[in-house]
Structure formats: structure tokens, C-alpha cells
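Heads up, the thing below is written out as C-alpha cells.
Protein chains get the first letters and strands the later ones, always in sequence-line order, with residue 1 at the start of each. The figures here come from the full heavy-atom set of this structure, side chains too, leaving out hydrogens, waters and symmetry mates.
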2 protein chains.
Amino acid sequence: MMAGVALEHAILVSLLEQPGSGYELARRFDRSIGRFWTATHQQIYRVLKRMEADGWVTAEEIDQDGRPDKRRHSVAAPGRAALTTWLREPVQPESVRHELAVKIRGAAFDDAAGRAALIVEVERYRADHEATVHRYLTGEQRDFPDAGALDAGQRLQHVVLRGGIAYERMVLAWLDDVLETLHGLGR
Amino acid sequence: MMAGVALEHAILVSLLEQPGSGYELARRFDRSIGRFWTATHQQIYRVLKRMEADGWVTAEEIDQDGRPDKRRHSVAAPGRAALTTWLREPVQPESVRHELAVKIRGAAFDDAAGRAALIVEVERYRADHEATVHRYLTGEQRDFPDAGALDAGQRLQHVVLRGGIAYERMVLAWLDDVLETLHGLGR
DNA sequence: TCTTGATATGCAACTAGTTTCATAGCATGA
DNA sequence: TCATGCTATGAAACTAGTTGCATATCAAGA
């Protein structure tokens with residue numbers, strides 16, 4: 001296993017927090033985990049299958065009524081050992097793919113119509129982030145109502161969520177700066 | 001060309017700002033562009049070759065004394081047209097791969113020794129970001145000393161740099177929160 | 001002279017991630 | 001009954017990104 005390859009590890013952490021099916025994991029990656037690690041369901045099912053073959057996770061068939069059966073995965077001892085090993089490796093620098101920043105610098109090579117279109121896009125993008133921060137704040141109220149009464153795992157989940165909130169707020173303030181700058185070019 | 005596939009476009013923007021060799025592009029990706037789009041030199045040379053074959057960029061052999069020859073690339077009309085088309089496509093959400101956040105949540109499933117090791121890693125990580133924000137601030141002073149006397153391209157580069165600075169400051173504040181939380185678990 | 005280090009370019013093999021497509025159960029409402 | 005939509009899993013093909021290697025020029029210093 002290479003250092004920095006973390007989808008396996010993100011899945012292990014998520015399954016340790018709460019066992020679940022591939023489908024459930026995919027939804028968690030769309031919400032909570034997806035804040036800092038994205039993955040599609042295809043990728044998750046593939047990696048889950050590999051981890052099962054390697055004995056890192058076990059699966060249990062669950063009959064459900066009212067909906068299709070599912071396979072609930074749990075972390076086995078070798079998976080937990082692999083996670084511990086990985087946890088003690090040096091942290092890789094975060095990698096960012098920020099398309100909007102490329103487009104903003106690219107706007108210098110487009111005309112007024114292109115910059116007007118970019119303003120519209122930035123406003124839409126801003127609305128998305130506005131919605132995200134509200135979702136995070138609602139989740140924070142729901143999951144961590146009493147900051148004094150949390151166990152270790154909850155405190156760690158909470159500090160990561162606070163990071164997500166701080167990130168979203170920073171983005172919103174920066175997008176206001178971007179919009180002001182873009183409007184300023186027209187004057 | 002798929003939407004959201006932006007290495008080509010990041011290279012086009014960088015070459016429009018300033019023509020240069022693959023090597024120079026790789027250094028820019030380590031510094032300025034790399035703030036929001038990472039790429040290794042191997043990837044850059046490969047994509048550059050493809051863009052040259054597609055007529056998006058042209059290359060000119062430059063004899064240098066005191067160092068090896070290089071091939072300076074410039075954007076050709078089809079490349080500029082491709083960039084304009086891409087600029088007007090909807091902006092994809094930024095994708096984040098934040099390994100540290102996974103490890104913080106993972107620390108709930110490690111022992112006290114593991115958490116102590118994580119604290120050391122977070123401190124090292126914090127020092128890296130501290131150095132980065134200083135580098136950005138120095139670059140800001142150097143490249144944008146007089147905010148009133150900038151052309152459109154410089155203003156757009158400046159607002160992206162301000163985003164980088166805001167991001168780094170947010171990260172530093174959050175890492176302080178993380179360290180406090182990790183220390184709090186031991187008490 | 002020999003080593004180190006920066007500049008400069010590139011191939012080959014591998015791993016990770018995305019996109020498209022396919023299947024199927026079951027609930028709800030038109 | 002039929003369409004829609006959510007739950008649930010997965011294959012196959014493709015594209016992007018990483019890692020390891022290879023090569024070469026030239027400067028500076030041991």
C-alpha cells in the first residue's frame with residue numbers, strides 16, 4: 001500500500017464509526033466524509049470488494065422488507081491493523097483541484113461577455129456554498145448539541161466538522177471578494 | 001473534452017500569462033498554480049505533447065548558454081478558442097482530498113501513543129502551512145505592491161492569491177483548534 | 001577530477017478515478 | 001397499469017494521475 005492512497009482508509013474509518021452497505025457508504029461520501037474525500041458508488045463497491053478479498057472487511061447479508069437486500073460491511077482485525085499502520089505514516093499535503101480559480105485567472109483572456117457569464121457562475125457557486133454551510137450548521141446542532149458531553153470519537157468528528165464550517169465561511173468571504181473584483185473590472 | 005478536466009486549461013492559462021518550457025510550467029505548478037491545481041512534470045510534458053499535436057500550443061527551440069536548451073511553448077489560436085469554450089462551461093465543484101481529516105477521525109480508533117504521534121504530525125503540518133502563508137504574503141508584496149495600479153490580469157491573479165492566503169489562514173486557525181482538541185482528549 | 005545539484009526532457013508501467021451502462025426490488029401516486 | 005423515484009449492486013471501458021526510471025547539459029566546489 002502506497003502512502004497517501006486513502007480511499008481504503010476513509011472507508012475503514014467510516015465503517016468503524018458505523019458498519020454499513022456500499023450504498024450507505026456512498027451516501028456518507030456525498031455528505032459527511034465527502035467534505036474531505038470524494039468517491040462515487042462504483043469506486044466504493046470496487047474497493048469494498050478488494051478489501052473483502054483481502055480480509056480487511058466482512059460482509060453480512062441483510063434481508064430487508066420494503067426494500068432490496070443489502071450487504072452490511074464491518075471492519076475485521078486485519079483492516080483495523082492496516083488502518084493503524086496508515087495512521088502512523090506521515091500526513092500527505094492536501095491536494096486541491098479548484099477549477100474556479102483557474103477560470104478566474106483565465107477570465108483575463110476572455111471578453112466582457114465571458115466575464116459577465118463568469119459572474120453568473122460565481123453567484124451560483126456561492127449559493128451552493130451558502131447552502132452547504134447551512135447544512136453543516138444544522139448537522140452540528142443535531143449531532144453535537146452539548147459540547148461538554150461528547151466522547152473522544154464525537155469530539156474528533158466535531159473538530160473535523162468545524163473545519164468544514166470554517167472552510168465554507170472562508171470560501172463565501174472570498175467569493176464576495178471575487179465578485180467585487182469582477183465587477184470592478186467593468187468599471 | 002470532458003467538462004471539469006482542467007489540466008490542459010490550467011496550462012493554457014499559465015502559458016497565456018507567460019510562455020514557457022515544460023520545466024518552467026512544472027515549477028509554476030509547484031508554486032503559484034499549484035495552490036489550486038497540482039501536476040507533476042511527467043504529466044505536464046505528456047499533456048503538452050498532446051496539446052502540441054492538437055495544434056493548441058506551438059513550441060520554439062531556445063538555445064541557452066550556461067544551461068541545457070529548452071522548448072518554449074506558446075498558445076496558438078485553437079488553444080485559445082478551446083480555453084474560451086471551457087471558460088463558459090459551468091464550474092465544477094472543487095474536489096478536496098484531505099488526508100489529515102481522515103486521520104483525525106481515524107484517531108478515535110487508535111490508542112494514546114497513536115494520538116501522540118498524530119499531534120506531532122499536526123504540528124509539522126502546521127509549520128508547513130505557516131511557511132506557505134509567509135511565502136504567499138512575500139509574493140503579494142513583491143507582485144502587487146500598489147493595488148491601485150493593476151491591470152485586469154493582475155487584479156484577477158491578485159484575487160486568486162488572496163484566496164490562497166485566506167485558505168492558509170483558515171487552515172492555521174483550524175489546526176490550532178485540532179491541537180487543542182487532541183490535547184483535550186488526554187486530560 | 002569527481003561529485004553534487006540545478007536545469008531540462010521524456011518513456012513505461014502502474015494505480016486511481018470517472019463515465020456509461022445494466023440490473024433489480026419495492027413504494028407511491030397518476 | 002404505468003411511470004417515477006429511491007434503494008441496492010455491479011461490470012466494462014476509458015481517462016487521469018503517480019511512480020520509477022533514464023538521459024543529458026552545465027556550474028560550482030571538494
| said: Below the 4.0 Å mark, does D/dT9 have OP1 or OP2 next to a side-chain nitrogen or oxygen of A/Ser21? | reply: yes
| C/dT9 P sits how many Å from B/Arg72 CZ, rounded? | 12 Å
| Separation of atom CD1 in B/Ile44 from atom P in C/dC11, rounded to whole Å | 15 Å
| When the distance from CD of B/Glu52 to C1' of C/dG10 is rounded to whole Å, what number comes out? | 13 Å
| query | Between D/dG10, C/dG17, C/dC11, which nucleotide has the shortest distance from any of its atoms to the side chain of B/Arg97? | reply | C/dG17
| Length of the CD-P vector between B/Gln42 and C/dT9, whole Å | 13 Å
| task | Using the ring of A/Trp37 (Phe, Tyr or Trp, six-membered ring only), decide whether B/Arg97 places NZ or CZ under 6.0 Å from its centre and within 45 degrees of its axis. | result | yes
| request: Specify the separation, in whole Å, of atom CG of B/Asp69 and atom P of C/dG10. | output: 12 Å
| query | Between B/Asp111 and B/Arg115, is there a side-chain N and carboxylate O pair less than 4.0 Å apart? | reply | no
| task | Kindly say if A/Gln43 contacts the phosphate of C/dA16, meaning a side-chain N or O under 4.0 Å from OP1 or OP2. | result | no
| Can you find an N or O donor on one side and an acceptor on the other, under 3.5 Å apart, linking the side chain of A/Arg46 with the base of C/dT18? | yes
Cut-off 3.5 Å, no hydrogens considered: what does the side-chain donor-acceptor table look like for residues 57-64 of chain A, sequence neighbours left out?
from: A/Glu60; atom 1: OE1; to: A/Arg72; atom 2: NH2; distance (Å): 3.4
from: A/Glu61; atom 1: OE2; to: A/Arg71; atom 2: NE; distance (Å): 3.0
from: A/Gln64; atom 1: NE2; to: A/Pro68; atom 2: O; distance (Å): 2.6

| query | Whole-Å distance between C/dT18 C1' and A/Phe29 CZ? | reply | 16 Å
| task | Please state how far atom NZ in A/Lys70 lies from atom P in D/dG10, giving the value in whole angstrom units. | result | 14 Å
| Hey, is the side chain of B/Lys49 poking within less than 4.0 Å of OP1 or OP2 on C/dT9, counting only N and O atoms? | no
| task | Give the B/S/- string for nucleotides 22-29 of chain C, one per nucleotide from 5' to 3', where a protein heavy atom under 4.0 Å of the base yields B, of only the sugar-phosphate yields S, and otherwise -. | result | ---BSS--
| Looking across every strand, which nucleic acid part, if any, lies under 4.0 Å from B/Arg27 by heavy atom: base, sugar-phosphate, or nothing? | sugar-phosphate
| Under 4.0 Å: is that the gap between some side-chain N or O of A/Tyr45 and OP1 or OP2 of D/dG10? | no
| message | With clusters defined by side-chain heavy atoms of hydrophobic residues (ILVMFWY) lying less than 4.5 Å apart, directly or transitively, does B/Tyr167 cluster with A/Tyr125? | response | yes
| request: Would you indicate, yes or no, if C/dT7 has its OP1 or OP2 atom less than 4.0 angstrom from a side-chain nitrogen or oxygen of B/Tyr23? | output: yes
| field | Nucleotide C/dT9, atom P - distance to CG of B/Leu25 in whole Å | value | 9 Å
| B/Val159 side chain reached by A/Trp174 side chain, heavy atoms, under 4.5 Å | yes
| query | When the ring planes of B/His9 and B/Trp56 are compared, do they come out parallel, tilted or perpendicular, using 30° and 60° as the limits? | reply | tilted
| message | Would you say B/His73 and B/Glu24 are linked by a side-chain donor-acceptor pair, where the criterion is simply a distance under 3.5 Å? | response | no
